[in-house]
Amino acid sequence: MAPSNLHESGSGSSSRDDIKPNNPLQADFDAEDTSSMDSDERYLRALGYKQSLHRQWKFFESFAASFAALYSVGGIRTTFTIGVGAGGPAAYWSSYVVTCVFVTITAAVLAEICSALPAAGSIYFWAAEAGGRKYGRLFGFIVAWWSTTAWTTFVASNCQAAANFMLSEIAVFGVDFPTDTNNIRFRAVQWIVSETFLFISIGMNYLDPKTYKTIFRLATAVILLDFFLNIIWLPIAVSNSYGFHDAKYVFTQTYNETGAPPVWNWMLSYFVTAGILVGFEASGHISEETQNASLTAARGIFWSAVASALIGFPLVILFLFCLPNLDTLYSLGAPQPFVQIYALTMGRGGHVFMNVVCIIGLLFNTTIAGVASSRLIWAVARDGVLPFSGWISAVSVKKEPKNAIIVMHAVAALLLCTILASPVAFTSLVSAAGVPTITAYALIAFGRSFITPHNFKHARFSLGRWSRPLTFITFVWNLYLACVLFSPLYFPVTGSGFNYSPVIFAAITIFGIVTYFITPEEKWLPNARLGKVHKLDEEYSGHAPTSPASDLLRV
């Protein structure tokens with residue numbers, strides 16, 4: 001395995017002062033004795049950081065971090081009515097298949113980068129390295145704000161989704177209380193329930209790292225239970241109630257509920273499928289807590305994306321066969337139509353159990369997304385990008401980023417308060433959750449394709465000769481998805497149906513650029529330090545690169 005040559009200037013003229021650590025969490029490349037460090041700690045030191053967090057998790061925890069953060073079962077269910085409205089069943093299932101293919105490619109590309117750069121905060125650190133010496137700091141600042149905004153918003157929106165599942169029981173049991181989001185009484189209750197779920201979910205983030213292994217296992221178990229209940233129980237219940245659609249309807253029926261021109265209406269189906277399979281870089285966010293991280297975290301990214309895509313496809317097809325026709329579907333009065341569908345098919349008693357599983361799944365989804373989000377915030381603060389970075393990046397005696405968890409919790413709670421303002425306010429924030437992550441994938445792939453195409457050669461999880469073409473495909477695909485996500489979802493465009501994602505995204509981007517210009521270079525990863533990756537220890541040179549294909553053969 002060749003030593004890294006990331007961003008070498010060729011002149012060797014950088015002064016030693018340029019690469020001195022800015023804080024105790026960054027490594028002094030020259031002053032430390034590495035003889036007492038294990039391989040993971042030495043690898044992290046080569047990237048410029050000290051081992052500050054616990055490192056106890058293995059492949060399962062790494063895999064579960066992304067698998068549970070994705071929770072494709074819940075994502076499909078939460079956004080299903082939007083998906084079938086854009087192009088109909090034919091567009092939805094075919095778009096999902098296309099998305100699965102390109103998400104697998106994107107995950108493989110990010111896994112290779114993670115293998116070379118297994119540091120907490122992953123996506124922002126990868127962007128900084130992909131930008132090279134000239135654009136690295138700019139890319140890093142922008143993606144730092146993109147990604148922290150996206151993950152924190154995702155945590156908040158998950159809690160609102162869980163609240164909608166619970167409050168949908170109002171419609172099922174005929175309680176005399178409004179379920180219309182335009183009603184302030186309903187929104188007040190929705191806000192209270194959402195904040196309660198946030199407190200429960202993020203509260204679990206404070207558990208001891210050893211105990212938290214149980215959370216990863218429980219989260220994975222609940223997701224699989226949810227999957228099998230839908231695959232087995234739902235079709236039996238549908239066959240005993242209103243019956244199935246025929247294959248012609250599922251595979252060929254089109255529909256235009258968006259009002260968009262025919263071709264773009266079909267393209268808008270990617271608005272949903274893109275949002276279902278995003279966030280698989282979570283394994284990278286916890287890489288500094290993962291053993292053998294240069295390989296384990298990369299495999300966690302890749303295989304969690306593959307597994308999420310695979311279990312999602314049969315559900316998409318199943319729901320298309322099992323759900324009522326679209327007119328009936330859109331006429332359901334509950335905030336989450338699936339609750340009423342479960343009630344129609346499984347009865348009042350059976351659907352309650354199903355709904356409890358859905359809510360628990362979303363709570364665990366939020367908890368593990370909180371783990372990824374807090375590590376991202378901590379890593380960004382460690383490099384001085386955020387206000388009060390010194391306090392945010394502090395680590396507890398148990399080697400956990402407790403203050404970063406507090407910040408994430410506080411910001412998510414504030415975001416949930418926008419529910420009270422209007423139904424459009426919070427929905428607008430939610431609509432912006434997936435956009436920054438998708439655009440960050442595109443920016444990283446752009447940098448890897450055109451700015452630093454020959455770097456990151458020491459990755460143990462390697463795509464070999466396929467790396468450059470797959471990276472370019474990743475750039476084009478995610479750029480396309482960004483265009484879809486910026487599009488209005490309903491036409492003609494009105495104030496209530498306006499997609500505020502471009503506005504929010506632009507504001508975040510401008511803020512990132514402004515902070516880039518006003519933050520002195522010595523305060524955040526100076527160019528001389530950025531990419532200063534020393535020759536990796538001799539033990540790494542003995543490891544043969546691995547690849548998705550070789551992994552699959554071993555499995």
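- Every residue two or more places apart in sequence or in another chain that forms a side chain to side chain contact (heavy atoms under 4.5 Å, CB included) with Y480 is listed here: M267, Y270, W477, V484.
- At least one donor-acceptor pair closer than 3.5 Å links the side chain of S374 to the backbone N or O of V371.
- Residues passing the side-chain hydrogen bond (donor to acceptor under 3.5 Å, both in side chains) test with T214, sequence neighbours excluded: none.
- A 4.5 Å side-chain heavy-atom check between S308 and F280 finds every atom pair outside the cut-off.
- For the residue pair D383/Y49, the side-chain donor-acceptor check at 3.5 Å is satisfied.
- Not counting sequence neighbours, the partners of A372 by the side chain to side chain contact (heavy atoms under 4.5 Å, CB included) test are W151, A282, H285.
- The side-chain hydrogen bond (donor to acceptor under 3.5 Å, both in side chains) test applied to Q51 returns R55, not counting sequence neighbours.
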Exercise for the section: Test R468 against F472 for side-chain contact (heavy atoms from CB on, under 4.5 Å), laying out the working first. Expected result: CA-CA 6 Å; R468 291 193 67 182; F472 181 74; over 6 Å; no

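- Counting all heavy atoms, side chain and backbone alike, P387 lies closest to I392 at O-CD1, 3.3 Å.
- Counting only residues at least two apart or on different chains, the salt bridge (Lys or Arg N to Asp or Glu O under 4.0 Å) pairs with a member in residues 216-228 are E61-R217, R77-D226.
- The main-chain N or O of F59 is never found under 3.5 Å from a side-chain atom of T296 such that the two would form a donor-acceptor pair.
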Problem - Chi angles and distances behind the side-chain contact (heavy atoms from CB on, under 4.5 Å) call for I317, Y96 - result: CA-CA 10 Å; I317 300 299; Y96 187 86; over 6 Å; no

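- In this structure, the separation between OG1 on T220 and CD1 on I215 is 11.0 Å, given to the nearest 0.5 Å.
- Applying the ring-ring contact (aromatic ring centres under 6.0 Å, His included) test to pairs two or more places apart or on separate chains, those with a residue in residues 201-227 are W57-F216, Y212-F216.
- Of all the heavy atoms in C114 and W126, the pair that sits closest is CB-CZ2, 3.3 Å.
- Scanning all heavy atoms of the two residues, the minimum distance from R375 to I286 falls at CG-CG2, 4.5 Å.
- Taking every heavy atom of both residues into account, A64 and I368 meet most closely at O-CG2, 4.2 Å.
- Rounding to the nearest 0.5 Å places OG1 of T79 at 5.0 Å from OH of Y92.
- In this structure, the side chains of P314 and L318 stay at 4.5 Å or more apart for every pair of heavy atoms.
- At a cut-off of 3.5 Å, with distance as the only test, no side-chain donor of W146 or T437 sits close to an acceptor on the other residue.
- Listed by chain and residue number, nothing satisfies the salt bridge (Lys or Arg N to Asp or Glu O under 4.0 Å) test with K399 (two or more places apart in sequence, or in another chain).
- With sequence neighbours excluded, no residue satisfies side-chain hydrogen bond (donor to acceptor under 3.5 Å, both in side chains) with Y516.
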Problem - Check against side-chain contact (heavy atoms from CB on, under 4.5 Å), V278 and F154 - result: CA-CA 11 Å; V278 67; F154 175 63; over 6 Å; no

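- Among T78, T367, T153, N365, the single residue meeting the side-chain hydrogen bond (donor to acceptor under 3.5 Å, both in side chains) criterion with N158 is N365.
- Considering only heavy atoms from C-beta on, R448 stays 4.5 Å or farther from T474 through its side chain.
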Extract all donor-acceptor atom pairs below 3.5 Å that involve side chains of residues 102-111 and protein atoms in other chains or at least two apart in sequence.
unit_1	atom_1	unit_2	atom_2	d
T104	OG1	C100	O	2.8
T106	OG1	F102	O	2.9
T106	OG1	N478	ND2	3.3

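- Within the model, atoms CD1 of I508 and CD1 of I513 stand 12.0 Å from one another, a figure rounded to the nearest 0.5 Å.
- Under the side-chain hydrogen bond (donor to acceptor under 3.5 Å, both in side chains) criterion, S393 pairs with no residue, sequence neighbours left out.
- Between V385 and T519 the shortest side-chain heavy-atom distance does not fall below 4.5 Å.
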Exercise for the section: Show your reasoning for whether side-chain contact (heavy atoms from CB on, under 4.5 Å) applies to E129 and T452. Expected result: CA-CA 8 Å; E129 291 288 358; T452 56; over 6 Å; no

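- A394 meets the side chain to side chain contact (heavy atoms under 4.5 Å, CB included) test with N403; sequence neighbours excluded.
- Side-chain contact between F67 and I311: present, with at least one pair of heavy atoms (C-beta onward) separated by less than 4.5 Å.
- Side-chain contact between C159 and T366 is present, with at least one heavy-atom pair separated by less than 4.5 Å.
- The side-chain hydrogen bond (donor to acceptor under 3.5 Å, both in side chains) test with N292 is passed by exactly one of R299, K58, R460: R460.
- Side-chain atoms of E281 do not come within 3.5 Å of backbone N or O of I123 as any donor-acceptor pair.
- Closest non-hydrogen pair, S294 versus A298, comes out as O-CB, 4.1 Å.
- The ring of Y71 has its center no closer than 6.0 angstrom to the ring center of F364.
- Counting only heavy atoms from C-beta outward, the side chains of T148 and Y124 never approach each other to under 4.5 Å.
- Taking 4.5 Å as the limit, every side-chain heavy atom of V407 sits out of range of all side-chain heavy atoms of L386.
- Summarising the geometry, atom CH2 belonging to W93 is positioned 13.0 Å from atom OG1 belonging to T273; distances are rounded to the nearest 0.5 Å.
- Among residues at least two apart or in separate chains, there is no ring-ring contact (aromatic ring centres under 6.0 Å, His included) pair with a member in residues 382-408.
- Taking CG of L363 as the reference point, atom CD1 of I202 lies at 10.0 Å (rounded to 0.5 Å).
- The aromatic rings of F446 and F475 sit tilted, their planes meeting at an angle between 30° and 60°.
- Atom-to-atom distance recorded for N205:CG and I405:CD1 is 5.0 Å, nearest 0.5 angstrom.
- A side-chain donor-acceptor contact under 3.5 Å links S304 to the backbone of I301.
- Here the shortest heavy-atom pairing between S62 and S283 reads O-OG, 2.6 Å.
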